[in-house]
Structures are given as C-alpha cells and as structure tokens.
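Let me begin by presenting the structure, written as structure tokens, before commenting on it.
What's counted below: heavy atoms across the whole structure, side chains too, no hydrogens, waters or symmetry copies.
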Amino acid sequence: MKFALLGAGWRAGFYYRAVCAIEKRLQICCVVENNPETAEQIKNAWRLPTVKNAGEALKFKPDFFVLCLPPAVLPIILCEILKYDVPILTETWAAESVESMISLYEKTKGGRNIQVSEQYPCQPMHSARLSLISSGMLGEVRQVQISAAHGYHGMALIRRYLGTGYAACTVEGRRFSMNAVKGPGRQGWPAYLSFQQEKQDIITVHYKDKWGLLDFSQEQYFSPVRSSRILIRGEKGEIFQNEVSCLTEPYPGFFKFTLRRECSGLDNSLCRAGTVSITGNGKLYYKNPFGPRGMSDEEVAVATSLCYMEQFIKTGESRYSLADELQDQYLDWLAQKAIRTGKPAEGKEMPWARGKENDGK
C-alpha cells in the first residue's frame, strides 16, 4: 500500500524511517509540503516527490493520507481533505476545548473514514503487557499507575489497561514544580549546564470500581536522569515494570517471572539491531511483526499503526478511532481543569460515546 504524507517536520521523520525499515510493505508516494524551501530539502534528503496540497497528491493515487501537521492546523486540514473520500491516519493533537472536540466529531460525521496514530499501546513492551492481561493471568485489572507518557497519551494507556472504554469517571489533579537540570530535547543536550523549574503533573482517574494514576514530568521523554515506570494491579496478580507476580493453582500458590526482551544485533551477532520478541515464563507475549530492522520502539509502534491501515481499509475494523482520540483528549481536558481549579472534575457521556460498541481495547 502507498500513502501521501502531509507534513515534513520532526514527527514526519518517524513515518519516513518506519517505511524505510519495513521496505516493501508500505510506500510513501509523495509528501505534501507548501513551503518551497522545506519541499526542496525533502526532495534531496528523502528522494520523494513533493506537492503543495492534498488535491495534487491524488494524482499519485494514495491508498490513504497520513497527517503530521502542527496542532493549530491539523483539525482544519483533516476536515478539508475528507471531501476526497480517501482514508486518513492522523497524528494525535491537543484540542483547544471541549467545544472544538464536539465540533470536529460532528464535522467529520463521527470520524467514519479516520484512524488516529495513538502509538503508545503498539510499543513492544506495552503490547506484551496487554497480551498478558488478555490471557487472564492477572484477573480483572482494577488499578494502573503510569509514568510513561503525558496527557492524552497517558490517558490512552490507562483506558487500554483498565478496559474502561467510554465509562464515566472523575478526574483529580495537581501540578508540582522543582528546580532541576535542564535535559536534552529534540536537538540534543543544551550547550551548557543549566537549571529550570521542572513541572510534574499527578493525576488520578476514578471509575466505578477501577482507577488509574498518571504521573509525568516534562523531562521524561528525553532525559537519561528521569525514569519511566508502570504498575498494573489485577485481582490475582500484578505487573511492576517488567516483573510479573500472580497466583497459581493449587491455592495459595504463586509465582513470579520477568518479561524479557529478546534482541538481535548484540555482541558478536551480525544481524540488524532491534527487538525480536518479548517472552516470560516460557511463553511468547510479543513478536516484532517486522523483525529486527534497527528501529526504536517508537518507530516500531508507528510502523504498526501504518500497517493497521490496511486492515481498516479492507475490513473497516478500527484499532484507534477518532472517538478514542477525543475521549482521551477529553480526559486530559478534565485533568487540566482539575489542576487549574484544585477541584475534582466530573466527566460525563460525550457525543462520540453514545451508541458506541468500541470499548477502547
């Protein structure tokens, strides 16, 4: 399959690298970029044709569009290109308000032809944990504590691990700050050692009989001195980081094991580097669908999202719909409201949840 890539910024690079790594499975037929200087850079660096708008991209007959655009313009372009009746995979974005979320849902007619590239559940270790949960080993998952992604990305993981779908919830939150070293960003480390006020949000999401905690610092994505962590607690066991503890028969027996990542390209291996699989207690919980191709976990997740589009186009089966994206944005909006006001924010059923069978899994 082939797609037209709208945008040529930092995030677009993940899609380009993913396609290069998985070779013949997918192809970028063109890049839509209206800045002449950037378009010329893309032509030279990526060896791909560029066009000025999505309408011009149609001559390449893409199977779908991929949107990697700034948040301010992404929803606008998303609505504009629906007229071409070409399936769309869009990057996530931060909505401005609940009103803008509802408006977008209505303008896109419920997101019938849209998928969203919420990549975190597709990362290898998250995929392995989800596979273990679906095996029933932990029993019903009642609690999850996540410090691995911010905002709506974190909410997507909480909903996925808890399996709460669009259920009503109450959100509480506080923001803290502390003096800390300024870590690296997209362009690497600062030239000189410097300090800043590092913000950290601690948010709780309360469902009827389940709850989640999101704890994230702005430095965690890039800084080697800020760690991620995760705890998933079910009725019969838990996953802490990559360590699994659960009951077994006969009662009260229990056992523990580690989810181990099998990699290639290490030591004297001449194979390409990358994750091969994730196993535990003699069972396979994740197998890299692309094999070891030198991709980061993020690039594997992006490639997985891209490949799901073939399934969506052929069968209509959704992995992560516009409704899912709006629900996670809504929960993030509730969290920011709770932080601002210092009071719990009560969620309610939103238009995209009404009549939905999709449970967020």
key: Check: Lys283 main-chain N/O paired with Asn281 side-chain donor or acceptor under 3.5 Å   = no
ask   = Should Trp93 and Leu104 be marked as a side-chain contact (heavy atoms from CB on, under 4.5 Å) after you check the CA-CA gap, both sets of side-chain angles, and the distance that decides it?
value = CA-CA 12 Å; Trp93 71 98; Leu104 181 65; 3.1 Å; yes
ask   = Given Arg174 and Ile202, is the side-chain contact (heavy atoms from CB on, under 4.5 Å) satisfied, shown in steps?
value = CA-CA 6 Å; Arg174 290 192 65 183; Ile202 298 179; 5.5 Å; no
ask   = At their closest point, which heavy atom of Arg226 faces which heavy atom of Ala180, and how far apart are they?
value = NH2-CB, 3.5 Å
task = Classify the side-chain pair Ser318/Gln115 by whether it contains a donor and acceptor separated by less than 3.5 Å.
result = yes
request  = Apply side-chain contact (heavy atoms from CB on, under 4.5 Å) to Ile81 and Val86, showing your working.
outcome  = CA-CA 8 Å; Ile81 66 175; Val86 174; over 6 Å; no
ask   = Should side-chain heavy atoms under 4.5 Å link Ile, Leu, Val, Met, Phe, Trp and Tyr, which residues sit in the same cluster as Ile76?
value = none
Non-neighbouring partners of Asn179 that pass side-chain contact (heavy atoms from CB on, under 4.5 Å), sequence neighbours left out = Phe195, Gln197
query = Hey, what's the ring geometry for Phe14 with Trp10, parallel, tilted or perpendicular (30° and 60° as the breaks)?
reply = perpendicular
ask   = Is the shortest distance from a Lys or Arg side-chain nitrogen in Asp63 or Lys2 to a carboxylate oxygen in the other one below 4.0 Å?
value = no
ask   = Are any side-chain N or O atoms of Asp267 and backbone N or O atoms of Ser269, one a donor and one an acceptor, separated by less than 3.5 Å?
value = no
key: Side chains of Val19 and Phe3 in contact at under 4.5 Å (non-hydrogen atoms)   = yes
Cluster overlap Val244 with Leu284, hydrophobic side-chain contacts below 4.5 Å = no
message = Please check this pair: side chain of Ser305 against backbone of Ala301, looking for a donor-acceptor N/O pair closer than 3.5 Å.
response = yes
ask   = Which residues pass the side-chain contact (heavy atoms from CB on, under 4.5 Å) test with Phe240, sequence neighbours left out?
value = Leu231, Glu238
ask   = Are the side chains of Ile230 and Ile239 in touch, meaning some heavy atoms are under 4.5 Å apart?
value = no
request  = Would you confirm whether Thr315, through its side chain, and Phe312, through its main-chain N or O, come within 3.5 Å as a donor-acceptor pair?
outcome  = no
ask   = Do other residues, nucleotides or ligands put more than 12 heavy atoms under 6.0 Å from the CZ atom of Phe255?
value = yes
query = Does atom OH of Tyr251 have more than 12 heavy-atom neighbours from other groups under 6.0 Å away?
reply = no
ask   = Do the side chains of Asp324 and Ser321 get nearer than 4.5 Å, heavy atoms only?
value = yes
note = Heavy-atom nearest pair, Gly294 first then Glu299, reads O-OE1, 4.2 Å
With Phe65, the side chain to side chain contact (heavy atoms under 4.5 Å, CB included) member among Leu5, Leu6, Leu78, Asn113 = Leu6
ask   = Going by atom types only, do Gln145 and Gln143 share a side-chain donor-acceptor pair under 3.5 Å?
value = yes
message = Check for me, please, whether Leu213 and Leu334 land in the same ILVMFWY cluster - side-chain distances under 4.5 Å, paths through other members count.
response = no
request  = Inspect the contact between Glu140 and Lys210 and indicate whether a charged nitrogen and a carboxylate oxygen are less than 4.0 angstrom apart.
outcome  = yes
task = May I ask you to check whether over 12 heavy atoms, not counting those of Arg272, lie within 6.0 Å of atom CZ?
result = yes
message = For a quick test of reading the model, state the closest non-hydrogen atom pair linking Tyr308 to Cys122 and the distance between them.
response = CE1-SG, 4.4 Å
ask   = Under a 4.5 Å side-chain heavy-atom rule over Ile, Leu, Val, Met, Phe, Trp and Tyr, are Ile102 and Met155 clustered together?
value = yes
Gap separating the CD atom of Glu172 from the NZ atom of Lys343, nearest 0.5 angstrom = 13.0 Å
key: Between Gln336 and Arg175: side-chain donor-acceptor atoms closer than 3.5 Å   = yes
key: side chain to side chain donor-acceptor pair (under 3.5 Å) between Gln123 and Glu298, intermediate numbers included   = CA-CA 6 Å; Gln123 289 182 355; Glu298 179 75 0; 3.0 Å; yes
query = Within the side chain of Ser103, is there an N or O that forms a donor-acceptor pair under 3.5 Å with the backbone of Ser100?
reply = no
key: Closest contact, heavy atoms only, Lys59 versus Glu56   = CG-O, 3.0 Å
Glu219: salt bridge (charged side-chain N to carboxylate O under 4.0 Å, His left out) partners, not counting sequence neighbours = none
key: Thr275 and Tyr286: side chain donor to acceptor below 3.5 Å   = no
key: Glu243/Lys256 ion pair, N-O < 4.0 Å   = no
request  = Kindly indicate whether the side chain of Tyr16, heavy atoms from C-beta on, has any atom under 4.5 Å from the side chain of Leu48.
outcome  = yes
Results of ring-ring contact (aromatic ring centres under 6.0 Å, His included) for Tyr285 - residues two or more places apart only = none
note = Correct closest heavy-atom pair for Asp215 and Ser147 would be O-OG, 2.6 Å
ask   = Any side-chain heavy atom of Cys307 sitting closer than 4.5 Å to one from Ile22?
value = yes
query = Is the side chain of Glu33 donor-acceptor paired with the backbone N or O of Asn35 at a distance under 3.5 Å, no angle test?
reply = yes
Within-4.5 Å side-chain heavy-atom neighbours: Arg160 and His126 = no
task = Could you pull out all residues at least two apart from His150 that satisfy ring-ring contact (aromatic ring centres under 6.0 Å, His included)?
result = Tyr152, His153, Tyr221
ask   = Side chains of Asn242 and Arg260: do they bring a donor and an acceptor to under 3.5 Å?
value = no
ask   = Less than 4.5 Å apart, any side-chain heavy atom of Gln329 and any of Trp333?
value = no
ask   = How long is the span from the NZ atom in Lys236 to the CE atom in Met137, to the nearest 0.5 Å?
value = 9.0 Å
ask   = Ile278, Val276: one ILVMFWY side-chain cluster at the under-4.5 Å cut-off?
value = no
ask   = Checking side-chain contact (heavy atoms from CB on, under 4.5 Å) for the pair Glu91/Leu67: CA distance, chi angles, key distance, verdict?
value = CA-CA 6 Å; Glu91 275 275 282; Leu67 272 62; 5.9 Å; no
ask   = In Å, rounded to the nearest 0.5 Å, how long is the span from CD of Gln327 to CH2 of Trp352?
value = 6.5 Å
remark   = Rounded to the nearest 0.5 Å, the CG atom of Asp332 sits from the CD1 atom of Ile203 at a distance of 6.5 Å
ask   = Can you check whether Tyr166 reaches Glu349 side chain to side chain, under 4.5 Å on heavy atoms?
value = no
task = Look at the side-chain heavy atoms of Ile, Leu, Val, Met, Phe, Trp and Tyr, link any pair under 4.5 Å apart, and say whether Tyr84 and Phe60 land in one connected group.
result = yes
request  = Would you confirm whether Arg319, through its side chain, and Met309, through its main-chain N or O, come within 3.5 Å as a donor-acceptor pair?
outcome  = no
note = When every non-hydrogen atom of Ser127 is compared with those of Pro121, the smallest separation belongs to OG-O, 3.0 Å
